[in-house]
Amino acid sequence: MKYIFVTGGVMSGLGKGITAASIGRILKNRGYTVTAVKIDPYLNIDAGTMNPGQHGEVFVLSDGGEVDLDLGNYERFLDIDLSSLHNITTGKIYRSVIEKERRGDYLGETVQIIPHITDEIKCCIRAAACEEIPGAGKADICLVEVGGTVGDIESMPFLEAVRQMRGELPVEDTVLIHVTLIPEDSMGDLKTKPTQHSVKALRELGLYADIIVGRGHRPIGSNTKRKISAFCDLPQQGVISAATVPDIYQVPTEMEKEGAAEVLSRHLHLESRGVDSDWYSLVAKEYTSRIEVGIVSKYGIEDVYMSIKEALKHAGRACSTEVKISWLDAERYEDRHLGEFDGILIPGGFGKRGMEGKIEAIRYARTEKIPLLGLCLGFQMSVVEYARHVLGWENATSAELGEGRHVIAILPEQQGVTDLGGTMRLGNYPITIRENTLAMQIYGQPVIVERHRHRYEVNPLYIPELEKAGLVFSGSWKNRMEICEVPDHPFFLATQFHPEFRSRPTRPSPPFIGFVKACSAVKSGEVNS
Ligand code: GLN
């Protein structure tokens, strides 16, 4: 097993995850099996209880792990399924060490950050690295991204663990990549001083960067590379320019041009192999048409719906259709704006705020025959909308929202649950698809598997009446409704699960493909809306 450690310098939000995932991709394109570990130095056990408005989307894995959104990038770039083991947090490390201490595993010892916490970190990294990747076996190379920035108090034990691992393993089995910012001054000159300082901070911790990836709006020229090479003590080929590109999936292409694969191969003693260029041709494909989708949400930041944004992009690319996304504030948008879109998407969410706006948008899409894709909360609100406006049950609502006729009720196993962390219905479940439905048309198979994250469900009590009124439940798991659709509509499909989490550039999600195709068809007049 070879390890690629990735640290960050100068500031957060540089796209360290995308950089690491792209490096993984260029090695995968050379036939290596690559896995990834993300370290988040916060005390939360996982991202499940964290406010997505502050930290971005909570990504859900097949095993139900609620993790940092970077794991989504690793899954999408590397086309692998990761597990909860692949997201290490300070919370998980300390919990495990404290549990061991209480059990008496450290008999008599004083339990300390070094060696107990660092040993635990190393052990977790190794366990994640060695875990079999479904369908791909054991990895050859493991990416280990240390979240945060060098110098943060929180990341110290993790960087110390990385230092120890580097010392314990043969030199050719590890490489350290430092991702840093190369800012521009008012004269347009690229400045290397912040990078020099962060490399110095890294050295104080006993870590030496083998490769420096310089992020910025402009590519780094050879003069700047020479300077970084001289001040940061590494060969010039080890300085990789990573200027911002319009589409994240083009980053591996740019890294290839910079010779990143050759530098990595030299460090890790990887044999030279041919390059599979499928990825590069996929991302270079031109769009031939364009649609505009309105996403109705209560959050102001796009990172909350990172996987939806990416899934739309994957489906768009498969259909050669550029998907422009407009974000509509569920509490403030005006009805007349809804008509301007080729499709409407209602994403997942929690709590009361913005709910009526979402229901209104669903009503508009249903009656005006605009393609609609509802996800999780969007599915639940589609059922509420149908009950209110087709069945005439004015007080129909979800138990999550308050009093009324609960067409959406709490899941039986959720009753009495008080802890919020890791207690929802999470991860993969199989779903049976009904014959002769839109769902069967888009999935093309009788049983599918998708990821979940919710506490409420369609109330089984009202299913017969909803179906009699025309709503079709086309997917289910036992007596639990998973997909609903409205017939005689260009495309009205909503899912209790989150198809966006399984979408990959190389394997776009069927509901997203169906939605994008329907939007294009309605736009071009092939289907009357
Ligand atoms: N709040 C809803 C539930 O808990 C929907 C969750 C979601 O959209 N992820 O069931």
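Counting starts at 1 for both ligands and their atoms, in listed order. The analysis underlying the following values was restricted to heavy atoms, covering all of them including side chains, and did not include hydrogens, waters or symmetry mates.
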Quick check: H337 with Y364 (ring centres under 6.0 Å apart)?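 Y364 vs H337: aromatic centres not under 6.0 Å.
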Tell me if the aromatic rings of F379 and F497 count as close, with their centers under 6.0 Å from one another.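 No, too far apart.
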Using a plain distance cutoff, I'd like to know if Q496 has any nitrogen or oxygen under 3.5 Å from a nitrogen or oxygen of ligand 1.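 Checking ligand 1 against Q496, no N or O pair falls under 3.5 Å apart.
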Min N/O separation L375 to ligand 1 under 3.5 Å: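 Between L375 and ligand 1 (N or O atoms, distance only) the closest approach is not under 3.5 Å.
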Tell me, which protein residue and heavy-atom name are nearest [atom], and how many Å apart are they?
atom	result
atom 7 (C) of ligand 1	C376 SG, 3.0 Å
atom 9 (N) of ligand 1	R453 O, 2.9 Å
atom 8 (O) of ligand 1	G349 N, 2.9 Å
atom 1 (N) of ligand 1	E400 OE1, 2.7 Å

Rounded to the nearest 0.5 Å, what separates atom CZ in R25 from atom CD1 in I18?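 Interatomic distance, R25 CZ to I18 CD1, rounded to 0.5 Å: 13.5 Å.
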Counting only heavy atoms, which portion of [X] has something under 4.0 Å from ligand 1: side chain, backbone, both, or neither?
X	answer
Q380	side chain
R455	both
H498	side chain

Residues D79 and T506: side-chain donor-acceptor under 3.5 angstrom: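 Yes, side-chain donor-acceptor contact under 3.5 Å.
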Answer yes or no for R425 and Y429: cation-pi contact, defined as NZ/CZ to six-membered ring centre under 6.0 Å and angle to ring axis within 45°.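 Yes, R425 lies over the aromatic ring of Y429.
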Assign the ring pair F5 / Y3 to parallel, tilted or perpendicular, where the plane angle (0 to 90°) is split at 30° and 60°.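 Plane angle under 30°, so parallel.
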Relative to each other, are the rings of F491 and F515 parallel, tilted or perpendicular (30° and 60° limits)?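 If you compare the ring of F491 with that of F515, the planes turn out tilted.
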Relative to the heavy atoms of G348, which atoms of ligand 1 are at a distance of less than 4.0 Å?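 In order of number, 8 (O).
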